[in-house]
Each structure stands twice: as structure tokens, then as C-alpha cells.
Peer 1: 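First, the structure itself, so that you have it in front of you.
All values below were derived from every heavy atom in this structure, side-chain atoms included, with hydrogens, water molecules and symmetry-related copies excluded. So that the names make sense, note that chain A is the first sequence line, chain B the second, and so on, each numbered from 1.
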Amino acid sequence: MEQAYVRDLARFAGSEVVIKGWLYNKRSSGKILFLEIRDGTGIVQCVAQKKVVGEESFKAADTLPTESSLVVEGKVRADERAPGGFEIDVSSIKVVHVSEEYPITPKEHGAKFLMDHRHLWLRSRKQSAILRVRHAVIKAIRDFFDGRGFICTDAPIFTPAACEGTTTLFKVEYFDQAAYLTQSGQLYAEAAAMALGKVYTFGPTFRAEKSKTRKHLTEFWMVEPEVAWAELEDVMKLAEDFISYIVAFALDRSKEDLKILERDTAKLENVKAPFPRVSYAEAVAQVAGTGTEMKWGEDFGAPQEEALASLYDKPIIVHRWPAAIKAFYMKRDPADPKVALCLDVIGPEGYGELIGGSQREDDLAELTKRIVAENLPMEAFKWYLDLRRFGSVPHGGFGLGLERTVSWICGTKHIRQTIPFPRMLNRLTP
RNA sequence: UCCCCGAUAGCUCAAUCGGCAGAGCGAGCGGCUGUUAACCGCUACGUUAGAGGUUCGAGACCUCUUCGGGGAGCCA
């Protein structure tokens, strides 16, 4: 008899199958027993009758604790009463392992309790759905860049110094010297772009900021494309095409999971390039127009970000920020040296910055000047400056936070549910 | 680092003015032939985060500590 996965049950309607899985929930009624079995692809209700499976088997199943592993055989039958549209008329039940008392019950739990049991919480319907969406988003990211001729050139995780010099880094022992966990693969991506033209890095990044918010993790995944011969306009175009592709892909592939998550997908259907583009100066005026306080030269706080997002129904590209509040490697606008040729993409519905990027400074003298001005260790950037010595070209790119994107697409309140095992301030286990 | 909030049964929470520490879920036992977080009956389950203080009496009030949640800053 063939093993069937719950996701594919429609194909097996009317035939005998084997389901291998875990007991998600059960309801019994004396002589009839409803077993909800999950197998990683979905949950199916299996109907066992005492007269069919026998007294002993019935009793064993009737007292089986949640999350026990079992193998059932039975016939697939379409039934409107069953969640998912199909159920199994059970002919035999084989218990593989009787679970101990399972800590996660069908009732509500607090965030700490669930995170302490993250290794088990992953089994629940919504958490599984989120991880499948995350997988789809990763696939979309790879497909998008592959389709456009980008080469994946991953960056090292151990780095000798800060990329941006601003945020706090995790320090680790690297034999007899200090090293830091990377906060961005960008500088390495720039080098690779000078070799291969269009590249991206995709991997974990680390920020030792003591953030305690719904938008932050200390370890998160970031994808960073970098393109030689690209100017700000090209980077903005790439960013909006990229986000549009990811959202369309997820809407197509993750329909069922988004339904499980009760995501209002109408808001995602809108997300198609082009996105509204506003300069920082325009954005400041628009934010001030909503009554939220904002002056030129200030960075956007959460209230300002939300005020701006509330004016649009798509992600917004805010470009040409004051150079003083942006990273040293961003190229100044020749038309207005007070601003940098950079962009942020602010997600709708309060999900914050999805993307930060820029055209890079390609002039050796300018870049050297900025490294000195910001007191960065020149020695550590020696190789980076070489990129401006040997055939420097205009280039640029951006970084997109995977978990923030998944959080937005899934509509989760907190980013911590969008990575299998989140690392946060106060959270290193499980 | 700063601001706000919280910690009571395995879990989620309640406990009025400071006066016998409770409910639902989960667990155990029993019942029920179509249940949908099934339902019904019974049973067991407490160092009220820790230390100190006020009081005839503290889960509640005060002080400190620990741990956690949300936000600010910073960012993706």
C-alpha cells in the first residue's frame, strides 16, 4: 500500500493509503473516534470505528496522547464535514511511539512559554505554515536573481571589522585575534560585483543591538544584490521589481498557507511595481502634513514611518536621504552634496524598513576622506579601497531582510515567528 | 542604556476595601455511533518568582533582587 502525504490526498480519493504522522488532536464518541493526524504537509481527519479496527486497537488509539507518532491505513474519502475536504476511513492503526504529556495544548499560551518550547511549537499549524512561506520566499529570492543572471557569491561570517562602524557587533575569538560576526555582506558583494558583474549574497547577519521590539532579531537573514555599472535609478528599479516578484510568487505558491494564517491577501495583491518614489525632502513634507512632527535632517522614527506608510497602499521608496545620517560608503548626489544617492523601501501596514540600499561611492579620494572623517580603521578597509583603484565603476545594491519580508507577507505580529529558532536579546535557546 | 507593564495550578487567567487561593484547558477515571479548540460527570494538582518590611491578618501595600513582555534608540 502506498504512503500518501496529506497535501496530495485528492489524488488518492477512493483508494487505500498509508498515512505516517503525529496525532494533532482527537475526539471520541464511544464507538467512533476522530483522529487528526499531521504529517508535515497538512492535517487530515481519520475516522476509526470500533467495529472496524477492533476493541483493542480502538482503545489504544482512544487513549493516545497528543503528538504520539502513528501509522494508519485506510481509504481516502471526500467529505464536506472534514477540514481539507478529505478524510480517511481507518482500517488499521499502528502506534509507533506513545508521547509523553505534550506541553502545548489546544488552548492559548503566552509568548514566552511558546518560545521556550519553540522546538515543539514548530509542529503547530500556523508555525508550520509560516516556515513554508519562508521557504517559498527564499525560493523566490533565488529564482529572481538566477533569472536575471546574478551569481550567488556568499560573504564571510567572520569579519575583521565593522562594515558600517555604527551598530554594535558580536565579538568572537578567532584564534589569537578578535573577529566579529558580520553585520552585512555588502563590502564583499562589491568586490564580487567587480569580478562577476551582477552578484548577491544571502546568509545570516548579526546585530548586537539590545533591541526589544517586534521588528528585530540579533541573528537574521539578509539578501544583498550588488550590481556593477548601476546607478541609483537602476537600484530602485531592481528593488521594486524584486519585491513585486517575491509577493507574486508567495501569493501563487503559498495560497493555502496564507489562508491558514488568515492573511488578508487583498493588501498584497496591490504590491506591483512601480512603487511610489518620494525623495527624503518630499517625505518629510508629507509626514509633517499628517500632523506628525518631522524636520529635515532627522531620521525617521517609527511614528514617522507609519505616518508616511499610511498615505500609500504599496511599499514606498524614499530616496536621497541626508548624507550625515547615512553610511560612509554611499555616494553623494552631485546635484546636492547634502544628500546621499540611497533608498529605503518602507513596507506597508507598519512593517517598517524592508530594504536599505544605495549607489556606492566610487571615487577613491572621496571614500578615503569619509573613512578618516568617521574614524574608521583604515587598515581594515585597505582591500575595499582597492576596488576604487583598479577599474572603479558606478555600482550599487541593497539589502533585504528576509524575516521582515516574511513577517509582512504572513501578517505576523512579531518577527520572531518567521525564523525557525530566533535569536534575540534574552533568547539563545532552544 | 532609558521609559512603561507584568510574574498566582503543567498552560491561560480570576481572586471586590488587606479577611477560607478559584475557573477553564491539559492530566487521570467513567459515559457517549459524525466530532470540528467536541460534549457530559467525577478525581488529583499551589513555596502566589525570591528576600526583607508594614499589619491581628499580605496573592494584594512598601523596599530591593531576579526573570519576562512592549516600546525608545539602532537598524533589515
Peer 1: Can you identify which nucleotide, out of B:G34, B:U12, B:G68, has its nearest atom closest to the A:Gln45 side chain?
Peer 2: B:G34
Peer 1: Starting from C1' on B:G34, measure out to CG on A:Asp89 and report it in whole angstrom.
Peer 2: 11 Å
Peer 1: Considering every strand and a 4.0 Å limit on heavy-atom distances, what is the contact class for A:Glu403: base, sugar-phosphate, or nothing?
Peer 2: nothing
Peer 1: With under 30° as parallel and over 60° as perpendicular, where do the rings of A:His117 and A:Phe113 fit, or are they tilted in between?
Peer 2: tilted
Peer 1: For the residue pair A:Phe206 and A:Phe170, does the interplanar ring angle fall in the parallel (under 30°), tilted (30 to 60°) or perpendicular (over 60°) class?
Peer 2: perpendicular
Peer 1: Assign each of A:Phe34 and A:Ile325 to its nearest nucleotide of RNA chain B by heavy atoms, then name whichever residue's nucleotide is nearer the 5' end.
Peer 2: A:Phe34
Peer 1: Could you check whether A:Gly110 gets within reach of a base, just the sugar-phosphate, or nothing at all, counting any heavy atom under 4.0 Å?
Peer 2: sugar-phosphate
Peer 1: Side chain of A:Arg404 only, heavy atoms from C-beta on: which candidate in B:A76, B:G73, B:U33 is closest?
Peer 2: B:A76
Peer 1: For the pair A:Arg134 and A:Glu403, find out whether any cationic side-chain nitrogen is under 4.0 Å from an anionic carboxylate oxygen.
Peer 2: yes
Peer 1: What's the closest nucleotide to the side chain of A:Lys31 if the choices are B:U33, B:C11, B:C74?
Peer 2: B:U33
Peer 1: Mind checking if A:Lys50 touches a base, just sugar-phosphate, or nothing, with heavy atoms under 4.0 Å?
Peer 2: nothing
Peer 1: Considering every strand and a 4.0 Å limit on heavy-atom distances, what is the contact class for A:His117: base, sugar-phosphate, or nothing?
Peer 2: nothing
Peer 1: When the distance from CG of A:Leu425 to P of B:C2 is rounded to whole Å, what number comes out?
Peer 2: 13 Å
Peer 1: Name the nucleic acid region contacted by A:Lys112, choosing base, sugar-phosphate or nothing; use a 4.0 angstrom heavy-atom cut-off, strictly under.
Peer 2: sugar-phosphate
Peer 1: Could you tell me the separation between the CG atom of A:Asp79 and the P atom of B:U35, rounded to a whole number of Å?
Peer 2: 11 Å
Peer 1: Check every strand shown and say whether A:Leu217 touches a base, only sugar-phosphate, or nothing at a heavy-atom separation below 4.0 Å.
Peer 2: base
Peer 1: Determine if the base of B:C32 is syn or anti; take syn to mean the glycosidic torsion is within 90° of 0.
Peer 2: anti
Peer 1: Determine whether any donor atom in the side chain of A:His109 lies under 3.5 Å from an acceptor atom in the base of B:C11, or the reverse, and answer yes or no.
Peer 2: no
Peer 1: For A:Lys326 and for A:Arg416, locate the closest nucleotide of RNA chain B by heavy-atom distance; then report the residue assigned to the nucleotide nearer the 5' terminus.
Peer 2: A:Arg416
Peer 1: Regarding B:G26, can its base be found pairing with the side chain of A:Thr66 as donor and acceptor, where the two atoms are less than 3.5 Å apart?
Peer 2: no
Peer 1: Taking atom types as modelled and ignoring hydrogens, do the side chains of A:Ser407 and A:Thr412 form a donor-acceptor contact shorter than 3.5 angstrom?
Peer 2: yes
Peer 1: Looking for any heavy atom pair under 4.0 Å, which part of the strands does A:Leu400 touch: base, sugar-phosphate only, or nothing?
Peer 2: nothing
Peer 1: Counting heavy atoms from C-beta on, name the nucleotide in B:C74, B:U33, B:U1 closest to the side chain of A:Ser211.
Peer 2: B:C74
Peer 1: Give the nucleotide from the list B:C11, B:G71, B:C32 with an atom nearest to the side chain of A:Arg214.
Peer 2: B:G71
Peer 1: Find the distance A:Trp221:CH2 to B:A76:C1' and express it as a whole number of Å.
Peer 2: 15 Å
Peer 1: To the nearest angstrom, how far is A:His216 atom NE2 from B:A72 atom C1'?
Peer 2: 11 Å
Peer 1: Please check the phosphate of B:C67 (OP1 and OP2 only) for any side-chain N or O of A:Asn426 closer than 4.0 Å.
Peer 2: no
Peer 1: Considering every strand and a 4.0 Å limit on heavy-atom distances, what is the contact class for A:Glu219: base, sugar-phosphate, or nothing?
Peer 2: nothing
Peer 1: Name the orientation class of the two ring planes belonging to A:Tyr280 and A:Trp321 (parallel below 30°, tilted from 30 to 60°, perpendicular beyond 60°).
Peer 2: tilted
Peer 1: Out of B:G34, B:A76, B:G73, which nucleotide sits closest to the side chain of A:Glu87?
Peer 2: B:G34
Peer 1: Record whether the side chain of A:Gln49 comes under 3.5 Å of the base of B:G34 through a donor-acceptor pair of N or O atoms.
Peer 2: no
Peer 1: Out of B:G26, B:A37, B:U33, which has the shortest distance to the side chain of A:Thr105?
Peer 2: B:G26
Peer 1: In whole Å, measure the gap between the P atoms of B:C25 and B:A37 for me.
Peer 2: 14 Å
Peer 1: Which of these nucleotides, B:G26, B:G73, B:U33, is closest to any side-chain atom of A:Glu101?
Peer 2: B:G26
Peer 1: How long is the span from the NE2 atom in A:His319 to the CD atom in A:Glu233, to the nearest 0.5 Å?
Peer 2: 8.5 Å
Peer 1: What nucleotide, of B:G73, B:A76, B:U33, holds the atom closest to the side chain of A:Phe220?
Peer 2: B:A76
Peer 1: Given B:A76, B:U12, B:U35, which nucleotide is nearest the side-chain atoms of A:Phe113?
Peer 2: B:U12
